[in-house]
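See structure below.
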Amino acid sequence: MERTGTDFIRSMISRDLETGKYGGRVVTRFPPEPNGYLHIGHAKSICLNFGLAAEHEGGRCHLRFDDTNPTTEDETFVEAIKADIHWLGFDWGAHLYHASDYFERLYEYGVELIEKGLAYVDSSTEKEIQDLRGSVTEPGRNSPFRDRSVEENLDLFRRMRAGEFEDGAHVLRARIDMAHPNMVMRDPVLVRIRHAHHYRRGNDWPIYPLYDFAHCLSDSIEGITHSLCTLEFENNREIYDWLLLNTSAPEPRPEQTEFARLNLEYTITSKRKLKALVEEGHVRGWDDPRMPTLAGLRRRGVTPEAIRSFCDMVGVAKANSTIDLAKLDYAIRNDLNYRAPRAFAVLDPVPVVITNYQEGESEVFDAPSFPPDVGKPGTRSLPFSRDIYIDRSDFAEDPPKGYRRLVPGGEVRLKHAYVIRLERVVKDGNGDVSLLECTYDPASRGGATADGRKIGGTIHWVSRAQAVPATVRLYEPLFTVADPSNAEDFRLVLNPESERVLGGAVVEPGAAAVRPGTHLQFERSGYFFADPADSTDGSVVFNRVVGLRDGWKPPALESGEAEQAPRSASPSRPPPSTGEVAGDRGDPRDSLKAPEHLDRYDAMVAAGAPEGLASNLARDAELAALFRGGEPESDGHGGALAKWLVHEVGRARDESGANLEDLVPQALGRLVAAVEAGRFSHHQGRGLLESLLEGTTLEDAAKGLGEADDDGAIDDILSGLMDSNPDKVEAYREGKEGLLGFFVGQALRQADGRPDPKRVSERARALLGS
RNA sequence: AGCCCCGUGGUGUAAUUGGCAACACGUCUGACUCUGGAUCAGAAGAGUCCUGGUUCGAACCCAGGCGGGGCUACCA
């Protein structure tokens with residue numbers, strides 16, 4: 001219940017709740033087809049639909065399997081989808097449904113349409129139906145079977161169901177309009193013959209409904225109120241509404257609303273392509289940690305909380321967009337920071353010997369599992385000895401500026417242990433560093449210096465004797481370009497380094513003993529997850545869920561050799577429009593096609609309406625009639641009347657749903673004339689128009705409007721406002737001129753809208769300026 | 001070419017009857033720090049695709065452009 005009106009769908013639902021359109025019910029549904037695995041894009045839809053239900057008292061979200069295509073669907077997907085939704089944290093309770101349970105009802109609706117003459121059995125071939133559909137620019141043509149009798153249609157449809165015909169012999173089609181500008185409405189196929197085994201209905205049904213037919217009616221059967229789907233179904237809304245309207249589907253009818261699907265940088269969410277990735281072996285399976293499937297994300301170590309918070313951040317809107325991968329990373333880190341105990345792992349070890357530490361000696365440090373700011377309890381035992389490992393990246397013989405780790409002759413802190421100084425770098429025959437000889441400061445036990453000297457860097461380490469080898473996998477985006485779905489072939493932009501398996505990594509003993517499915521933060525490195533499937537008793541496999549945010553960058557390279565990180569590719573977005581080529585606007589008459597429009601246009605221009613407005617009005621019978629009726633009363637202000645009709649009357653109708661039928665044209669004409677004569681301000685005129693629309697006469701509405709407040713009263717209000725908003729006065733005087741609107745608007749509100757805003761604006765300007 | 005939808009900082013979204021362009025991610029400072037993490041403080045960055053119009057006042061209303069997306073399965 002906590003969030004309402006934050007996005008266009010929630011605003012719509014709030015509105016519906018206010019108007020009581022659905023009797024206060026909010027019933028949504030998530031309708032997956034069981035032919036693939038759920039991915040991050042579905043997560044957005046799940047969070048939306050189940051979230052909406054949870055936000056409203058008595059709200060429900062149904063899980064409905066849209067299983068109308070027997071040839072692609074399977075029970076295993078059903079179970080996987082259910083598991084994924086539960087894992088994400090949502091529950092449909094008793095409301096589990098299957099479109100395949102509605103086949104009988106759907107068949108009856110088909111019969112109903114036939115009886116109404118709104119559907120027919122077409123015996124054309126698939127190819128013929130295609131050919132007759134026309135194209136986006138050409139109308140389609142009627143099928144030769146379009147005018148079959150109701151009896152014949154009924155008989156054929158019954159026999160289709162009885163299984164008398166081969167696949168493709170006939171289809172049931174809606175009888176709408178083969179020349180419809182919306183291709184979806186050109187007699188869409190409703191039902192087809194398919195002698196196939198359905199995973200739930202077995203061989204009971206030789207005919208299957210198509211999406212457009214099944215979906216809206218399934219929604220209706222379940223009492224769905226808000227049917228939310230993605231943008232690509234926008235054109236299908238028309239058939240959705242048509243079917244509900246033309247069958248006995250009860251009111252109130254569900255309504256379809258479309259929102260933009262989730263697109264993520266460097267990620268593909270097409271079922272087909274995901275499938276290819278798996279089947280061609282580019283990944284190890286649907287749950288490969290690099291996959292954007294919920295199974296893959298889970299396997300990688302991403303938590304449901306992180307995904308939910310990500311979806312929350314992303315929001316819901318109608319604009320096509322692509323989300324920055326950094327946003328997902330943020331959501332993951334933000335969750336794991338409080339969840340993952342800290343541990344040390346050296347990913348690329350280089351041996352260190354502490355020469356002044358007693359040989360054979362060792363000690364154990366108690367290190368906290370969480371940093372103080374996370375504030376969770378727990379410690380782990382960290383063995384320390386003369387021989388340790390540190391990460392190769394934590395040493396530099398020739399450090400870049402600002403480097404705060406181990407350098408020759410420099411000190412660094414081994415976290416939770418001692419401060420050490422690098423005395424000698426030992427290299428092997430290839431010139432590679434093979435050993436770092438250091439000395440430690442015994443007085444720095446635990447990490448603090450005795451003399452209070454500052455130690456710039458702190459690094460992690462692992463004692464060599466107790467170090468446990470572990471397999472560590474580093475993940476990066478699966479693709480090298482931000483928009484792989486636009487690539488000619490997504491296979492060509494696969495990132496060969498999407499998974500790097502580190503062989504030589506070592507971890508502290510506690511980390512090696514962790515149960516599969518545990519999250520850890522390897523300090524200064526990232527968040528890791530003990531892979532639940534690949535880890536074995538003896539050895540843990542760690543997946544890097546996401547790296548730590550790295551606040552340090554080496555100073556920019558001189559020669560401008562920018563690093564070629566895979567992510568550096570920018571999404572190929574089109575350049576913004578410059579909007580030039582405005583050119584000349586042409587003759588307004590050109591935009592008018594119908595002869596009656598032209599007639600109206602000519603008449604209005606003759607009566608003094610400007611051409612641009614006249615062409616606008618000419619296409620609107622209602623407004624044109626008002627012009628015709630009001631013009632004689634407008635005292636020769638036909639132009640002004642046209643302006644009012646287009647800008648004020650039209651708006652009142654389209655925006656507030658005002659009914660124009662009761663508007664007396666003559667009154668409107670007199671109103672416009674009065675405003676033109678200066679008897680009312682334009683602002684007051686608007687108020688009068690509102691009254692007129694409600695059936696009040698102009699004379700009644702105008703009563704008491706004449707005595708507009710004088711300047712003195714206006715000034716009083718304004719000074720009051722200035723006194724109570726000194727900060728805004730100052731901001732205005734410092735150049736924030738937009739605040740003028742604040743003062744004018746507030747003053748007008750206080751004065752009940754009576755004074756002429758023009759006057760108020762002038763006075764405000766004068767008073768504020770002084 | 002027809003129909004439908006959509007254009008607000010680098011990215012994603014807000015802006016409650018037209019009245020201070022806001023929030024988050026990212027970026028950059030600085031503080032703090034035994035994680036170059038977290039946290040805290042701050043900054044830069046859009047004048048709302050363009051051009052006109054209406055209005056005292058337009059991201060919002062009107063007109064015309066421009067740009068992007070979707071639609072021509074017996075898939076969903």
Side-chain angles (χ1 to χ4, degrees), chain A residues 5-7 33 35 66 68-69 72 126 129-130 133-138 140 167-168 171 180-184 186 189 191-194 208 210-211 215 231-238 258 260 265 313-324 326-327 330 333 337 342 371-374 404 413 415-416 446-448 455 457-460 521 523-525 548-552 570 574-583 585-586 591 612-613 615-616 643 646-648 650-651 654-656 682-683 728 731 736 738-746 748 756-762:
Chain A
T6 53
D7 55 63
E33 185 188 10
N35 69 346
D66 214 344
T68 57
N69 186 357
T72 58
E126 194 170 341
I129 289 176
Q130 254 176 46
R133 188 163 357 247
S135 72
V136 290
T137 49
E138 308 152 29
D167 286 5
V171 290
H180 202 287
N182 181 356
M183 298 289 298
V184 174
R186 317 246 257 230
V189 175
V191 179
R192 59 173 170 169
I193 300 172
R194 194 105 320 168
Y208 290 90
L210 267 54
Y211 170 85
H215 203 85
L231 253 27
E232 66 268 28
F233 292 100
E234 272 168 339
N235 293 314
N236 299 62
R237 187 174 62 236
E238 203 167 355
E258 310 85 19
E265 278 182 342
M313 283 193 277
V314 161
V316 185
K318 281 190 90 117
N320 281 306
S321 57
T322 302
I323 314 295
D324 205 323
K327 198 160 287 199
Y330 171 84
R333 288 191 196 106
N337 181 34
R342 311 295 129 121
D373 54 275
V374 170
R404 292 212 245 129
R413 173 165 36 233
K415 189 165 181 171
H416 304 308
I455 303 299
T458 302
I459 63 174
H460 57 280
Q521 186 202 97
E523 293 206 46
R524 306 206 311 125
S525 170
L548 248 33
R549 192 162 164 267
D550 193 355
W552 187 71
S570 65
S577 152
T578 55
E580 273 167 78
V581 198
R585 205 142 295 182
S591 66
L613 294 171
S615 69
N616 195 338
K643 218 182 263 184
V646 170
H647 294 294
E648 307 296 349
R651 166 133 74 142
D654 301 338
E655 242 174 68
S656 331
H682 190 278
H683 182 71
K728 293 196 162 66
K736 193 151 181 138
L739 282 166
L740 182 68
F742 166 77
F743 287 104
V744 176
Q746 290 293 317
L748 243 23
D756 182 356
K758 211 179 287 189
R759 246 350 254 155
V760 177
S761 186
E762 275 167 25

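A note on names: the letters A, B, ... follow the listed sequences, proteins ahead of strands, and every chain is numbered from 1. Remember, it's a predicted structure, so these values are computed and weren't measured experimentally.
- In this model, the phosphate group of B/rA76 is not approached by any side-chain N or O of A/T72 to a distance below 4.0 Å at OP1 or OP2.
- Residue A/S321 has a polar side-chain atom (N or O) positioned under 4.0 Å from OP1 or OP2 of B/rU13.
- Dashed line: the shortest gap from a side-chain N or O of A/R524 to OP1 or OP2 of B/rG36 is under 4.0 Å.
- Using atom C1' as the reference point in both B/rU55 and B/rA63, the two lie 16 Å apart (nearest Å).
- At the phosphate of B/rC74, OP1 or OP2 sits under 4.0 Å from a side-chain N or O atom of A/R133.
- Residue A/R237 is out of contact with every strand shown, counting any heavy-atom pair closer than 4.0 Å.
- Residue side chain A/N235 reaches the base of B/rG70 through a donor-acceptor N/O pair under 3.5 Å, judged by distance alone.
- Atom P of nucleotide B/rU27 and atom OH of A/Y330 are separated by 12 Å, given to the nearest angstrom.
- In this structure, CE in A/M313 is found 6.5 Å from OH in A/Y330, a value given to the nearest 0.5 Å.
- Rounded to a whole Å, the CZ atom of A/R333 is 18 Å from the P atom of B/rA24.
- Across all strands, A/Q746 comes closer than 4.0 Å to no nucleic acid atom at all (heavy-atom distances).
- Nucleic acid contact class of A/Y208 (heavy atoms, under 4.0 Å, all strands): none.
- Closest to the side chain of A/M183, out of B/rG69, B/rA38, B/rG2, is B/rG2.
- Nucleic acid contact class of A/K415 (heavy atoms, under 4.0 Å, all strands): base.
- Comparing atom distances between the A/P181 side chain and each of B/rC3, B/rU55, B/rU11 picks out B/rC3 as nearest.
- You'll find the side chain of A/F233 stays beyond 4.5 Å of the side chain of A/H215, heavy atoms only.
- Residue A/K736 places no side-chain N or O under 4.0 Å from the OP1 or OP2 atom of B/rG47.
- Within 4.0 Å (heavy atoms only), A/R651 reaches at least one base atom of the nucleic acid.
- Comparing the same atom, P, in B/rG64 and in B/rU13 gives a spacing of 28 Å after rounding to whole Å.
- Residues A/H460 and A/E523 come closest through the heavy atom pair ND1-O, 3.6 Å.
- The main-chain N or O of A/N235 is found under 3.5 Å from a side-chain atom of A/N182 such that the two form a donor-acceptor pair.
- Here B/rU11 presents its P atom at 11 Å from CD1 of A/I323, a figure rounded to the nearest Å.
- A/D654 comes within 4.0 angstrom of no nucleic acid atom, judged by non-hydrogen atoms across all strands.
- Residue A/E655 is classed as a sugar-phosphate contact, given heavy-atom separations below 4.0 Å to backbone atoms only.
- As rounded to the nearest Å, B/rC49 and B/rA58 have P atoms that lie 15 Å from one another.
- Using a 4.0 Å heavy-atom distance criterion, A/G551 is classed as a sugar-phosphate-only contact.
- The side chain of A/R549 places an N or O atom within less than 4.0 Å of a non-bridging phosphate oxygen (OP1 or OP2) of B/rA38.
- Between B/rC20 and B/rG30, the two C1' atoms lie 29 Å apart (nearest whole Å).
- A/L748 comes within 4.0 angstrom of a nucleotide base, judged by non-hydrogen atoms across all strands.
- A distance of about 28 Å separates the P atoms of B/rU72 and B/rA14, rounded to the whole Å.
- Atom C1' of B/rA22 sits at a distance of 14 Å from the matching atom of B/rG45, rounded to the whole Å.
- For B/rA73, the base adopts the syn conformation, since its glycosidic angle falls within 90 degrees of zero.
- A/H416 comes within 4.0 angstrom of a nucleotide base, judged by non-hydrogen atoms across all strands.
- Among the nucleotides B/rG2, B/rC25, B/rG37, the one closest to the side chain of A/N337 is B/rG37.
- Across all non-hydrogen atoms, the minimal contact from A/L231 to A/K318 is CD2-O, 3.2 Å.
- When heavy atoms are screened at a 4.0 angstrom cut-off, A/V646 is found touching the sugar-phosphate backbone but no base atom.
- Note on A/L210: only backbone sugar-phosphate atoms sit closer than 4.0 angstrom, heavy atoms only; bases stay farther off.
- Helical stems of RNA chain B (runs of at least 3 Watson-Crick or G-U pairs, donor-acceptor distances under 3.5 Å) are listed by first residue: B:2-7 with B:66-71, B:10-13 with B:22-25, B:27-31 with B:39-43, B:49-53 with B:61-65.
- B/rG47: glycosidic angle within 90° of 0, hence syn.
- With B/rA76, B/rC3, B/rC6 as the candidates, the nucleotide lying closest to the side chain of A/A319 is B/rC6.
- Looking at the side chain of A/V171, the nearest of the listed nucleotides B/rU11, B/rC74, B/rC56 is B/rC74.
- Taking the C1' atoms as reference points, B/rA46 lies 11 Å from B/rG10, given to the whole Å.
- Using a 4.0 Å heavy-atom criterion, one finds that A/D550 contacts the sugar-phosphate atoms exclusively.
- A/R342 places no side-chain N or O within donor-acceptor distance of the main-chain N or O of A/Q521, the cut-off being under 3.5 Å.
- You'll find that the side chain of A/R342 is closest to B/rG37, out of B/rA24, B/rG37, B/rC74.
- At the heavy-atom level, A/A448 lies under 4.0 Å from base atoms of the strands shown.
- Annotation: B/rG47 and B/rU51 have their P atoms spaced 12 Å apart (nearest Å).
- Which of B/rC74, B/rU72, B/rA76 sits closest to the side chain of A/E33 comes down to B/rA76.
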